[in-house]
Amino acid sequence: MKQDFFDRVYKIVAKIPKGKVTTYGLIAESCGIKSAARTVGWALNGASSSNLPCHRVVNRFGALTGKVHFGDPKLMEDLLRSEGIIFDKDDCVEMKKHLWIPPKVLSNKTKKKK
DNA sequence: TCATTGACATTCA
DNA sequence: ATGAATGCCAATG
């Protein structure tokens, strides 16, 4: 099924540790496609009905771009705050402290030496 | 069926 | 440095 890509995204998102956040680009990269961050968003679009912690997925700015798709934007912030995520004045997550990078990406980067 | 959009990111001009 | 354009995959109009 075409959901193969979705399945990868789901696995990555499901692996996000509590109190951590990741970006669409990293997820896409961990899936093997670094430029398909948009598609990752689509996957999460369907994930909104799943048990996946899509609220831990943010854009590269650390902003909760998809908060509206949760049904309650402030709920997303509340969830992240409950997990120990810190927001700065720009409504962006403290990437420096909470950014989680999928191990697969680390290995891939190390190998490619880009 | 074809074209456009969509919770993004990267690169060229 | 800022702005516009492109790439990726899938879904919807």
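Protein chains get the first letters and strands the later ones, always in sequence-line order, with residue 1 at the start of each.
- With both ends at atom C1', the span from dT4(B) to dT6(C) equals 15 Å, rounded to whole Å.
- A donor-acceptor contact under 3.5 angstrom links the side-chain atoms of Thr39(A) to the base of dC9(C).
- Rounded to the nearest Å, the gap between the P atom of dA3(B) and that of dG7(C) is 16 Å.
- One finds the CD1 atom of Ile86(A) at 5.0 Å from the NE2 atom of His98(A) (value rounded to the nearest 0.5 Å).
- In this structure, Phe5(A) atom CZ and dC8(B) atom P are separated by 14 Å, rounded to whole Å.
- The CD1-P distance, from Ile27(A) to dC8(B), rounds to 12 Å in whole Å.
- Atom pair Arg60(A):CZ and dA7(B):C1' shows a separation of 15 Å (rounding to whole Å applied).
- For the P atoms, the distance linking dA5(C) with dT5(B) amounts to 14 Å, nearest Å.
- Distance Phe61(A) CZ to dC8(B) P: 10 Å, rounded to the nearest Å.
- Looking at heavy-atom distances under 4.0 Å, Thr65(A) makes contact with sugar-phosphate atoms alone, never a base.
- Residue Asn45(A) is classed as a base contact, given a heavy-atom separation below 4.0 Å to a base.
- Comparing dC9(C), dC8(B), dA7(B) against the side chain of Arg38(A) picks out dC8(B) as the nearest.
- In this structure, dT1(B) makes no Watson-Crick or G-U wobble pair, since no nucleotide meets both defining distances under 3.5 angstrom.
- Side-chain contact between Val40(A) and Phe5(A): present, with at least one pair of heavy atoms (C-beta onward) separated by less than 4.5 Å.
- No salt bridge links Glu83(A) with Lys20(A); every basic N to acidic carboxylate O contact stays at or beyond 4.0 Å.
- What separates CG of Asn59(A) from P of dT10(B) is a distance of 11 Å, to the nearest Å.
- Of the candidate nucleotides dC8(C), dA7(B), dA11(C), dA11(C) has the atom nearest to the side chain of Trp42(A).
- The base-pairing partner of dA1(C), taking Watson-Crick or G-U wobble contacts with both distances under 3.5 Å, does not exist among the strands shown.
- Closest heavy-atom contact between Asn59(A) and Met95(A): O-CE, 4.1 Å.
- With respect to Asp4(A) and Arg8(A), a salt bridge is recorded, a charged nitrogen being found less than 4.0 Å from a carboxylate O.
- Distance CZ (Arg56(A)) to C1' (dA7(B)): 17 Å, rounded to an integer number of Å.
- We find that CD1 of Ile12(A) is positioned 16 Å from P of dC9(C), with the value rounded to whole Å.
- Counting to the nearest Å, the P atom of dC8(C) and the CG atom of Leu44(A) are 21 Å from each other.
- The base of dA7(B) sits within donor-acceptor range of the side chain of Tyr24(A), with an N or O pair under 3.5 Å.
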